Amino acid sequence: MVIFTASAQHAAVNNGQFDLGGWMPNYPTALRNPPPKVKGQTTEDSILETLPDVSTTVNGMAVLRLLSKDSADHFPLGYFPENLYDEEVPCKLIEAFQKDLRELSDLIEERNKKLELPYIYLNPKNVDNSVAI
């Protein structure tokens, strides 16, 4: 739970933002009119009058792109840039953890081969070792 909270939750939230929000009607950053209150009363004109202007949309998309981009110092979950431990017990635990993550990643990739739209965001290879924005 701690690992999910610290790393995977960040990945699930940020990694896919541009994929979904890059089409502005999915994640409008602002509305110029209140949303409709009655189903079936919306027209194309009322939608266009409600969605944000181009400038607001571009700024919102730039933020989403920045949040979705891999950081320059990206290290996948379970991999560490420094060797912090040289004792046998922590090294074996880290190796076992990395093995579990590789197996999980392989399972996810195998499942994704069968999906029309693969879900890649919580694959351990795509999850940062720590939260970094």
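Note that this is a predicted model, so its numbers are computed, not measured.
To the nearest 0.5 angstrom, Leu107 atom CG is 10.0 Å from Asn123 atom CG. In this structure, CZ in Phe75 is found 10.0 Å from CG in Asp128, a value given to the nearest 0.5 Å. With values rounded to the nearest 0.5 angstrom, Asn83 atom CG is found 6.0 Å from Cys91 atom SG. Expressed to the nearest 0.5 Å, how far CD of Glu88 lies from CG of Leu93 amounts to 10.5 Å. Distance CZ/Phe80 to CD/Gln98: 6.5 Å, rounded to 0.5 Å. Rounding to the nearest 0.5 angstrom, the gap separating the CE atom in Met24 from the OG1 atom in Thr57 is 4.0 Å.
Looking only at side-chain heavy atoms (C-beta outward), Pro124 and Ile108 come within less than 4.5 Å of each other. Contact check for Arg32 versus Thr50: no side-chain heavy atoms found under the 4.5 Å cut-off. Considering only heavy atoms from C-beta on, Gln17 comes within 4.5 Å of Ser68 through its side chain. Using a 4.5 Å heavy-atom cutoff, the side chains of Asn126 and Tyr121 are not in contact. In this structure, the side chains of Asn59 and Thr29 stay at 4.5 Å or more apart for every pair of heavy atoms.
Residue-environment remark: CD (Glu87) exceeds the threshold of 12 foreign heavy atoms within 6.0 Å. Annotation for Tyr85: atom OH does not count as buried by contact number, only 12 or fewer foreign heavy atoms lying within 6.0 Å.
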Derivation and outcome, side chain to side chain contact (heavy atoms under 4.5 Å, CB included), residues Ile120 and Asn112: CA-CA 8 Å; Ile120 60 170; Asn112 280 341; 4.1 Å; yes

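Met61 is not connected to Leu66 by any chain of hydrophobic side-chain contacts under 4.5 Å among Ile, Leu, Val, Met, Phe, Trp and Tyr, and they are in different clusters.
Residue Leu101 comes nearest to Leu77 through the heavy atom pair CD1-O, 3.1 Å, listed as atom of the first residue, atom of the second, then distance. Contact between Tyr119 and Leu115 at its shortest, heavy atoms only, is N-CD1, 4.4 Å. The two residues Leu51 and Pro25 make their nearest non-hydrogen contact at CD1-CG, 4.3 Å.
Counting only N and O atoms by type, the side chains of Thr56 and Asp53 include a donor and acceptor under 3.5 Å apart.
Looking at residues two or more places apart in sequence or on another chain, you find no salt bridge (charged side-chain N to carboxylate O under 4.0 Å, His left out) involving Glu82.
For Ser46 (side chain) and Thr43 (main-chain N/O), a donor-acceptor pair under 3.5 Å exists by modelled atom type.
Sorted by first and then second residue, the salt bridge (charged side-chain N to carboxylate O under 4.0 Å, His left out) pairs involving residues 104-116 (not counting sequence neighbours) are Glu109-Lys125, Glu110-Lys113.
Electrostatic pairing of Lys99 and Glu95 does not count as a salt bridge here, judged by no charged N lying under 4.0 Å from a carboxylate O.
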